[in-house]
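The next block holds one structure in the form of structure tokens; read it before the comments.
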Amino acid sequence: MIRIIQQRKKCIGCNACVEAFSSRWSMSRKDGKSVLIGGHKKKEIVSIIVGDDEYKENVKAATNCPVNIIKIIKL
Amino acid sequence: MNRVELMSPAGSFESLQAAIQGGADAVYFGIEQLNMRARSSNNFSIDDLASIHELCANKKIKTYLTLNTILYDHDISLMKRIINSAKDNHIDAIIASDQSVLVYAKKIKIPVHLSTQANISNIESVLFYSEYVDAIVLARELSLSQVTAIVKQIKKQNIKGPSGELMKIEIFAHGALCMAISGKCYMSLHTNFASANRGACIQNCRRSYIVKDKEEEIEFEIDNEYIMSSKDLCTIDFLDKIISTGVNILKIEGRGRSADYVYTTTKCYREAIDAYFKGSYNKESIISWKKQLETVFNRGFWSGYYLGKKMGEWTDEYGSKATLRKKYIGKGLKYYDKKKAAEFKLEAHQLIKGDSVLITGPTTGVISVQVEELRVDNSPVLSVQKGNIFTMSLKEKIRPSDKLYKVEEKNII
Ligand code: SF4
């Protein structure tokens, strides 16, 4: 299992995470920031726990994020 | 001759106050993520527009909102929301380059300044955009004679914007330059996936590099040159030539800079512009302004491309060449109106009578003074130490949100 964490407020809406893994990330047309699909919001942080099979793609999303607001933690 | 408008950067309420104190005629700022300083944590939000307008309208200062990144489909509704809100809050104009913004702003009738990101370099382009914009920020890479020719042609061809007034021309007067044609740089995107055109530039050009011989793998350090890091633009010593081009607006770069930078640069250019129109623009003043400009962030100065001689000047140092450095030493607590005394808590280092300090805050703006008297528990002292709560006499009011800095010459630190 892995935990994906996004500090959504700092997102600059560049689309890089969506390009990396569009099954988990999408762009909101409402505020132009990316949405962690299925994620839960607590204060400014959005997070979700998913299976290991998504590890590689989400690490790519995290690496490509220019403002480093995505973290992937192995549980 | 028309008076030129001085436009200063405001990346925060502190800098906004500093721009006002320095004597700006207009300020520009970004909100949310759709501006070229998206990376900066200081950006205002839509909710701040009303207070920004109120602060500036009181002083008759114009407000311009930058919305000049590349826009994707998913940005369109946010872009419209920002522009609607700007219109509702009486913001004077939007600074933009993407056509979607020009079209929408025209539709809801809010003026647009075409951003330097559009790299306008000839009169035909001015004509093309005149259907949408009332002012154009020319490409920073033009020479003054090219700028003059464009301004002349606007008059000759009577090119007007949607407002029905003659097209205004704006150029950069001071601040950082890009090593590429402004905005047309992909280095940051290549190395870090961080697009400069979405305001996320990581500034690779400001670093030093090693060149490697591929065959023998020998490495050369490029001697003392930051080969891609352009020096900063400074035009104060030929501001007469700048104003003579007939441009309408002069812009100071630096939405990512601190309040003291905004204050000092604005004040110097304010004085210089006023001096020009009063006929007192002279060598002695130029020397003094340049000295003051050197005290705040700079990578060394050059005249940019305006004088058309050199192709580029590169800095020989990482970071700032500012002759003064400020270090954070404490925070504001209270102001005693009657006694005209300000109370602070010293949180680091020590403060000695005679030291120069800088106080900055979102309402206070920038105060720069020399400490004449220090008191602890109402008794005069010569110095205060970390942890002390102390007062100093001060004409201006301070607030609990204020920060206190000690200002020292760079080589002392
Ligand atoms: S990569 Fe980062 S900044 Fe870009 S959209 Fe995704 S979360 Fe936002």
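Note on naming: letters A, B, ... go to the chains in the order of the sequence lines (proteins, then strands), and numbering restarts at 1 for each one. Because only heavy atoms are used, hydrogens play no part in the values below, and waters and symmetry mates are left out as well, while side chains stay in.
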**Asked** Where on A:Cys11 is there a heavy atom nearer than 4.5 Å to chain B: the side chain, the backbone, both, or neither?
**Response**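 Only the backbone of A:Cys11 comes within 4.5 Å of chain B.
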**Interchain contact, A:Ser28 with chain B, by part (heavy-atom threshold 4.5 Å)** = backbone
Would you say that more than 12 heavy atoms from the other residues, nucleotides or ligands in this model lie under 6.0 Å from the [atom1] of [X], or not?
| X | atom1 | result |
| --- | --- | --- |
| A:Lys60 | NZ | no |
| B:Glu347 | CD | yes |
| B:Lys106 | NZ | yes |

**Message:** I need the single residue from B:Leu78, B:Asp73, B:Ile76 that forms a side-chain contact (heavy atoms from CB on, under 4.5 Å) with A:Arg29. Which is it?
**Reply:** B:Asp73
**Asked** Rounded to the nearest 0.5 Å, how far does CG of A:Asp31 lie from CD of B:Glu32?
**Response** 8.5 Å
**Request:** Please round to the nearest 0.5 Å and tell me the distance separating atom CG of B:Asp75 and atom SG of A:Cys14.
**Result:**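 The CG atom of B:Asp75 sits 10.0 Å away from the SG atom of A:Cys14.
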**Request:** Mark yes or no for whether B:His74, through its side chain, and A:Lys33, through its backbone, hold a donor-acceptor pair below 3.5 Å.
**Result:**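 Answer holds: no.
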